[in-house]
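In what follows, a single structure is set out as structure tokens and then discussed.
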Amino acid sequence: MHAGTPIAVIRRSPSEWASRRAVVQGWVRTRRDSKAGISFVNLSDGSCFDALQLVVPNTLANYATEVLRLTAGCSVEAEGTLVQVQGKDGTVGVEMQVEKLQVHGFVEDPDTYPIQPKAHSMEFLREQAHLRSRTNTFGALGRIRHTMAQAVHRYFSDNGFFWIHTPIITASDCEGAGEMFRVSTLDLANLPRTPDGKVDFSQDFFGKESHLTVSGQLNVECWALALSRVYTFGPTFRAENSNTSRHLAEFWMIEPELAFADLKMDADCAEGLMKAMFAATLTERHDDMKFFVERVDKEAITRLEKFCAAPFERIDYTEAIRLVERAAAGGHKFEYAPFWGMDMQSEHERYLTEQVFGKPVVVMNYPKDIKAFYMRLNDDGKTVAAMDILAPGIGEIVGGSQREERLDVLDARITEMKLDPAAYWWYRDLRRYGSVPHAGFGLGFERTIAYATGLGNVRDCIPFPRTPKSCAF
RNA sequence: UCCCCUGUAGCUCAAUGGUAGAGCGGGCGGCUGUUAACCGCCAGGUUACUGGUUCGAGUCCAGUCGGGGGAGCCA
């Protein structure tokens with residue numbers, strides 16, 4: 001085996017590689033034969049959007065036996081000399097005059113190889129998730145996803161945040177962010193029972209009920225009250241029966257937590273983070289973004305440029321409701337009439353972010369009755385320091401809040417919402433020992449990618465999507 | 001979970017209740033520094049499944065399963 005040169009490295013500086021020898025390894029996209037005695041093989045190794053054209057002469061020993069049998073998907077290794085070529089549009093390109101070509105693996109039955117050089121529907125590709133990585137779309141998606149993840153870590157690290165690895169499995173029954181997946185080693189066909197007939201979880205692996213996490217927030221708060229600025233970034237699980245283009249049962253979430261911070265600093269952080277992610281995408285993955293503009297969403301690049309250029313709109317919930325009410329009074333048709341105190345419907349959120357402002361909107365200070373117990377009560381006694389960021393096209397992309405740091409107020413809220421204070425003993429301890437104002441938020445990674453690429457469905461923004469009734473691959 | 005749409009060749013889609021079709025992809029041949037190549041020929045089907053209406057069902061009806069869109073829940 002040779003160590004091949006990534007095609008990305010070659011394409012980055014064609015003039016530097018011209019007339020040099022190299023070995024490239026990858027998968028065939030297309031093959032065209034010329035009776036002038038050569039075949040053209042387009043080879044992709046996924047290192048960048050563009051493939052490399054191999055020019056294969058019929059003088060190779062395996063030309064008739066192997067080269068002429070190459071079809072889309074075959075894996076090959078080619079050795080030869082790189083030459084600079086002039087593209088029809090005047091751009092400088094590079095191709096390889098092949099001197100040796102080794103086939104690692106043929107495609108068993110080219111007739112049924114699912115990834116053909118043509119447009120496939122996203123639904124079909126979802127059913128071919130093990131091979132869709134070889135398409136232009138998912139290659140670009142995979143590279144952009146990587147770049148955005150790197151940008152997340154870079155942004156936080158540059159701003160003094162530490163990455164905290166919060167647990168995937170939790171026996172805490174106080175996360176309260178949604179339906180949870182159970183984690184158990186009990187024999188489902190033969191469950192141990194307590195004398196009163198209930199399942200005896202004391203015999204389970206952890207000696208109590210345990211689940212997959214729905215949020216790392218409570219855990220990461222513990223570390224914020226020690227390392228000051230922290231974040232989690234990892235998989236999160238919701239067993240909700242949600243069948244939409246914006247929901248996954250397993251998704252990745254970014255949850256920073258800032259000590260000595262209020263809601264405004266929280267929103268600043270969210271805005272800075274998203275802009276850093278998109279700026280990195282625009283500069284580092286221009287080739288892939290160009291493809292999304294051509295084939296998926298014409299606005300993909302200009303949308304991100306606009307996103308990065310202007311400050312987010314920031315309004316209070318009360319003002320947001322006023323705007324929606326005024327629109328309704330002015331004849332705008334909503335299915336649900338807006339009123340102060342309601343949890344805004346998608347249609348209201350869409351109206352604000354798409355019609356009124358045409359850019360991301362931070363909505364702050366929601367009525368306390370529609371928000372979680374841990375959100376900090378404002379001085380008006382009616383609202384909490386919560387914020388949602390709404391983006392055109394996908395709706396809610398961030399949910400965050402300043403946390404209630406006063407033990408007496410927190411306890412009152414826990415009681416008010418009929419929760420069990422004892423279950424929150426360690427969370428309450430944070431307020432008993434050196435409590436400080438702090439704030440944080442959750443950013444849905446796949447939703448952010450959907451926004452950036454224009455892909456309309458988060459199921460196409462993760463390599464292997466998990467949704468209700470669907471856990472293939 | 002609710003509402004709506006949908007299921008035909010490997011893929012994308014046609015077919016008024018009356019013989020199952022095309023383009024792409026694949027195979028063979030021709031042409032060509034080709035690049036969404038082009039030209040000719042060939043192969044490819046239990047029309048998702050089960051039942052019903054009808055002389056006759058891909059088409060109409062009922063049920064089941066799958067897929068999609070919207071809503072709710074949220075990120």
Side-chain angles (χ1 to χ4, degrees), chain A residues 29-43 50-57 68-69 71-73 83 85-89 93 95 97 107-128 131 135-136 176-179 214-217 235-255 270 294-295 335-336 343-347 349-350 370-372 388-391 394-400 441-451 456-462 467-470 472:
Chain A
R29 281 290 175 77
T30 60
R31 188 198 90 225
R32 274 175 295 276
D33 306 318
S34 165
K35 280 300 177 313
I38 46 177
S39 288
F40 302 97
V41 174
N42 255 68
L43 192 74
D50 288 311
L52 180 72
Q53 175 157 281
L54 307 179
V55 182
V56 189
L68 287 180
R69 285 173 54 215
T71 55
V83 294
V85 290
Q86 192 88 11
K88 277 178 185 144
D89 52 357
E95 65 181 24
Q97 295 287 346
V107 165
E108 200 175 88
D109 180 6
D111 193 34
T112 57
Y113 181 64
I115 309 302
Q116 302 168 356
K118 58 168 288 186
H120 290 94
S121 68
M122 297 304 271
E123 294 77 23
F124 169 73
L125 291 174
R126 238 169 261 156
E127 291 168 3
Q128 306 291 336
L131 295 172
T135 62
N136 281 331
E179 290 295 311
V214 293
S215 164
Q217 180 197 317
T236 307
F237 308 86
R238 304 272 168 94
E240 306 282 353
N241 189 14
S242 295
N243 295 287
T244 82
S245 54
R246 303 180 307 283
H247 290 86
L248 292 165
E250 177 181 310
F251 65 102
W252 284 57
M253 188 156 63
I254 300 145
E255 295 176 285
E294 283 162 16
R295 294 297 174 85
E335 197 176 332
Y336 295 91
D343 207 355
M344 278 193 284
Q345 303 286 308
S346 289
E347 56 177 345
E349 298 181 340
R350 265 205 317 272
I370 58 172
K371 288 293 181 184
D388 283 354
I389 300 183
L390 315 175
I394 37 167
E396 185 179 340
I397 194 168
V398 164
F441 63 87
L443 171 67
F445 192 46
E446 286 75 18
R447 285 185 185 178
T448 310
I449 295 171
Y451 181 79
N457 196 318
V458 290
R459 290 167 212 171
D460 301 320
C461 295
I462 190 168
T467 54
K469 298 284 189 300
S470 176

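- A distance of 8.0 Å separates CD1 in I397(A) from CD1 in I389(A), rounded to the nearest 0.5 Å.
- Regarding R29(A), its CZ atom lies at a distance of 14 Å from the P atom of A36(B), rounded to whole Å.
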Heavy-atom protein contacts under 4.0 Å, nucleotides 25-33 of chain B, coded B base, S sugar-phosphate only, - none = BSS---BBB
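- Side chains of F40(A) and V55(A) form a contact here, defined as non-hydrogen atoms less than 4.5 Å apart.
- Between the CD1 atom of I462(A) and the CZ atom of F445(A) there is a distance of 9.5 Å, given to the nearest 0.5 Å.
- Of the inter-residue distances, the one linking R246(A) atom CZ with C461(A) atom SG reads 13.0 Å to the nearest 0.5 angstrom.
- In this entry the distance linking CD1 of I115(A) with P of C24(B) reads 20 Å, nearest Å.
- Taking Y451(A) as the reference, F278(A), F307(A) meet the ring pair (Phe, Tyr, Trp, His ring centres under 6.0 Å) condition, with sequence neighbours excluded.
- Rounded to whole Å, the separation between the C1' atoms of U50(B) and G66(B) comes to 15 Å.
- The structure places CD of Q53(A) at 9.5 Å from CD of Q97(A), a figure rounded to the nearest 0.5 Å.
- In terms of phosphate contacts, N241(A) brings a side-chain nitrogen or oxygen within less than 4.0 Å of OP1 or OP2 of U1(B).
- L248(A) comes within 4.0 angstrom of a base, heavy atoms only.
- A donor-acceptor contact under 3.5 angstrom links the side-chain atoms of S242(A) to the base of C73(B).
- The CD atom of E250(A) lies 11.0 Å from the OG1 atom of T467(A); values are rounded to the nearest 0.5 Å.
- Nucleic acid contact class of D50(A) (heavy atoms, under 4.0 Å, all strands): none.
- Residue contacts for T236(A): at a heavy-atom cut-off of 4.0 Å it reaches no nucleic acid atom on any strand shown.
- Annotated stems with RNA chain B as a participant read B:1-7 with B:65-71, B:10-13 with B:21-24, B:26-30 with B:38-42, B:48-52 with B:60-64, given as range with range, by first number; only runs of 3 or more Watson-Crick or G-U pairs under 3.5 Å qualify.
- Nucleotides C60(B) and U16(B), compared at atom P, are 10 Å apart to the nearest Å.
- Atom NZ in K371(A) sits about 12 Å away from atom C1' in C73(B), given to the nearest Å.
- Between the P atom of A36(B) and the NE2 atom of H120(A) lies a distance of 17 Å, rounded to the nearest Å.
- Rounded to whole Å, atom C1' of U35(B) lies 13 Å from atom CG of L52(A).
- Distance, D343(A) CG to A71(B) C1': 14 Å, rounded to whole Å.
- Across the P atoms, G58(B) and U53(B) are found 16 Å apart, a figure rounded to whole Å.
- Summarising the geometry, the separation between CE on M122(A) and C1' on C11(B) is reported as 15 Å, rounded to the nearest angstrom.
- Partners of E123(A) under the side-chain contact (heavy atoms from CB on, under 4.5 Å) rule, at least two apart in sequence or in another chain, are S121(A), R126(A).
- Look at CD on E294(A): it is 13 Å from C1' on A36(B), rounded to the nearest Å.
- Applying the ring pair (Phe, Tyr, Trp, His ring centres under 6.0 Å) rule to F124(A) yields the partners H120(A); only residues at least two apart in sequence or on another chain are considered.
- Looking at heavy-atom distances under 4.0 Å, V458(A) makes no contact with the nucleic acid at all.
- In terms of modelled atom types and a separation under 3.5 Å, the side chain of E446(A) and the main chain of W252(A) share a donor-acceptor contact.
- When the P atom is compared between G67(B) and U54(B), the two are found 35 Å apart, to the nearest whole Å.
- For the P atom pair drawn from U8(B) and C41(B), the interatomic distance equals 28 Å after rounding to whole Å.
- Distance check, rounded to the nearest 0.5 Å: CG of N42(A) to CG of L54(A) gives 7.5 Å.
- For the C1' atoms, the distance from A43(B) to A22(B) is 16 Å, rounded to whole Å.
- Regarding contacts with the backbone of G72(B), a side-chain N or O of Q345(A) is found under 4.0 angstrom from either OP1 or OP2.
- Nucleotides C38(B) and A71(B), compared at atom C1', are 50 Å apart to the nearest Å.
- Looking at heavy-atom distances under 4.0 Å, F251(A) makes contact with a base.
- Counting only heavy atoms from C-beta outward, the side chains of Q345(A) and E335(A) never approach each other to under 4.5 Å.
- C13(B) and U1(B) have their P atoms separated by 28 Å, with the value rounded to a whole Å.
- At the phosphate of U35(B), neither OP1 nor OP2 sits under 4.0 Å from any side-chain N or O atom of R32(A).
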message = I'd like to compare against my own output: the B/S/- annotation of nucleotides 64-70 of chain B with a strict under-4.0 Å heavy-atom distance to protein.
response = ---SSSB
key: Chi angles and distances behind the side-chain contact (heavy atoms from CB on, under 4.5 Å) call for V458(A), T244(A)   = CA-CA 9 Å; V458(A) 290; T244(A) 82; over 6 Å; no
Stepwise side-chain contact (heavy atoms from CB on, under 4.5 Å) check, R31(A) with V56(A) = CA-CA 10 Å; R31(A) 188 198 90 225; V56(A) 189; over 6 Å; no
